[in-house]
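To start, the structure under review is shown below, and the notes come after it.
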Amino acid sequence: MFSIIDLENGLENVQGFYCGATNVGMRPDKTQGDVAFIRSNVPCDISAVFTSNTFQAAPIKHFKQYPKDFQTDFVLINAKNANAMTGQKGIEDIDVIMASLSKKIEVLNPVMSSTGVIGYRLPQDKIISAFDSLDFNAKDSHGTAHAIMTTDSFKKELAYKVELEDGSSFNIAAICKGAGMINPAMATMLCFVVTDAAIPKSDMDALLSASTEQSFNRISVDGDTSTNDTVMLLTNKQSGQYNKKAFAQALNKIMFELAMMILRDGEGANKLVAFEVKGAKSLDEAKRASMALSNSLLVKTALFGEDPNWGRIASTIGASGIACNEETLTIHYDDLLIYSSEHRELDKICENKAYAIMKQDSFKVTCNIGVGNAFYTSYGCDLSYEYVKINAEYRT
């Protein structure tokens, strides 16, 4: 048995980790950082999952230059510039920045992560100037979480203590950013998870991959996949404690909760909706239909308009290419049946109930395909006028 206990704040709860941020002028608002760091006082094992976008950004390519199973003790993060589509020069810029960092503080295999506009080289001098003002012994998770935000409207950080049956414990904490260009495989997001659990390196990749599949790979704001998407898991093992089942559950919980924060913060989003597809012929088909629903622009705009038009749900399922039949299909909004072969037209009573459900800030759409036993749930949000405004003005 074990217990997962919520902690206040974020990364500072984990033994041996430090974090902080500063502003070097990439953001006009001097009260918000634009360069941040996470470091450990001892070398960490690290595992990472990156974007499926073919055009992976320079920080990801830089990370992949290190040998398999390398250790690190330092992550440098910048906002306002993605350092993507910058070619070999983008990687070389990171090397120059890290060489300058090593003159300020001893670091082992430092890695970098970036978010912002694609197609511009990093402002080396500005980022290097951060090393004169950063306090490398700070424990400022709040400032770090704020510094990595782009179009996010609120910071995203969580921390848990995991108490084991024998009274021992370990801690896990995370920060992430993301609000737009969110699409399964992965979202346009950065996530940094740190722990003092003594997790073996042999467990890290599999657990992180499984947690990513159950969280960030199930959400969609707008159907776009970024060049920089990254999830990192670092452990310095300083607690000396580990229980695989407990750690897996804590990791799943922290990543799923952060994924839901991203959806709730979807640029201009007002609603968080679960799309459960069950009764499908196979898991692959259930997943395909569910993710088609969470990505559909017509479905998203219907959600924004609070329009209980089941036709958009049915049409999207049919267009997904899975085995389905209108005679076996049923659609529910929460527990309300809005479509079946014997219930095709909404009467006034049913329509009013559907309107009431859609006015909620979160609800579930359940589609039973009726041809098998497979099921899958993804998560999406509505698409609003504000989303268009934010992204139309992204560079201005």
Side-chain angles (χ1 to χ4, degrees), residues 9-12 14 16-41 43-44 46 48 57-63 65-66 72-84 86 89-152 155-157 173-178 189-192 194 228 230 232 234:
N9 302 317
L11 305 180
E12 65 267 46
V14 183
F17 278 97
Y18 304 87
C19 56
T22 190
N23 182 289
V24 296
M26 291 189 290
R27 291 188 197 276
D29 180 1
K30 298 296 185 181
T31 64
Q32 184 178 2
D34 46 28
V35 176
F37 75 92
I38 301 170
R39 80 169 188 92
S40 170
N41 58 11
C44 295
I46 182 171
I60 298 174
K61 294 177 180 178
H62 181 269
F63 182 102
Q65 289 181 348
Y66 285 121
T72 185
D73 58 9
F74 200 96
V75 181
L76 182 67
I77 314 157
N78 74 274
K80 303 301 289 182
N81 185 312
N83 192 12
T86 50
K89 291 294 186 182
I91 300 173
E92 293 172 1
D93 288 341
I94 296 174
D95 287 330
V96 171
I97 290 167
M98 294 308 188
S100 179
L101 172 66
S102 66
K103 295 176 183 178
K104 294 289 184 179
I105 183 173
E106 186 176 344
V107 290
L108 173 68
N109 301 325
V111 299
M112 193 165 188
S113 195
S114 301
T115 184
V117 179
I118 293 170
Y120 296 88
R121 288 179 62 184
L122 292 174
Q124 283 187 28
D125 292 345
K126 285 186 175 181
I127 293 176
I128 289 171
S129 73
F131 306 148
D132 292 324
S133 56
L134 285 170
D135 177 2
F136 293 116
N137 293 312
K139 291 198 171 189
D140 181 13
S141 180
H142 176 82
T144 308
H146 270 277
I148 67 175
M149 291 164 50
T150 47
T151 58
D152 305 60
K155 69 180 176 71
K156 301 166 181 71
E157 64 178 346
I175 61 170
C176 80
K177 63 80 52 180
M189 45 149 297
L190 306 179
C191 178
F192 306 97
V194 301
N228 292 57
T230 297
M232 290 184 187
L234 298 95

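- You'll find the side chain of M232 stays beyond 4.5 Å of the side chain of I38, heavy atoms only.
- Remark: side-chain polar atoms of S113 are not paired, donor with acceptor, to backbone N or O of I77 under 3.5 angstrom.
- A donor-acceptor contact shorter than 3.5 Å is absent between the side chain of S100 and the backbone of I97.
- At least one donor-acceptor pair under 3.5 Å links the side chain of Y66 to the backbone N or O of P110.
- Atom NZ of K89 has 12 or fewer neighbouring heavy atoms from other residues, nucleotides or ligands inside a 6.0 Å radius.
- One N or O on the side chain of R27 and one on the backbone of A147 form a donor-acceptor pair closer than 3.5 Å.
- Legend: salt bridge (charged side-chain N to carboxylate O under 4.0 Å, His left out) pairs involving residues 110-134, not counting sequence neighbours, sorted by first then second residue: D93-R121, K104-D132.
- A donor-acceptor pair under 3.5 Å is absent between the side-chain atoms of Q65 and the main chain of F63, judged by distance alone.
- T86 places no side-chain N or O within 3.5 Å of a backbone atom of G119 that could act as its donor or acceptor partner.
- For the pair L11 and F17, the minimum side-chain heavy-atom distance is 4.5 Å or more.
- A donor-acceptor distance shorter than 3.5 angstrom exists from the side chain of N23 to the backbone of D29, with no hydrogens or angles considered.
- For the residue pair H62 / D95, a side-chain donor-acceptor distance below 3.5 Å is found, with atom types taken as modelled.
- We find the CD-CD1 distance between Q124 and I94 to be 10.5 Å, quoted to the nearest 0.5 Å.
- Put simply, CG on D135 and CG on D140 are 9.5 Å apart, with the number rounded to the nearest 0.5 Å.
- A donor-acceptor pair shorter than 3.5 Å cannot be found between the side chains of S40 and D73.
- A ring-centre distance under 6.0 Å is found for F37 and F74.
- No side-chain donor-acceptor contact under 3.5 Å links T115 to the backbone of A82.
- Without hydrogens or angle criteria, N83 side chain to S114 main chain gives no donor-acceptor distance under 3.5 Å.
- Going from atom CD1 of I175 over to atom OG1 of T144 covers 5.5 Å, rounded to the nearest 0.5 Å.
- Qualifying side-chain hydrogen bond (donor to acceptor under 3.5 Å, both in side chains) partners for S141, counting only residues two or more places apart in sequence or in other chains: E157.
- For F192, the ring pair (Phe, Tyr, Trp, His ring centres under 6.0 Å) test picks out no residue, with sequence neighbours left out.
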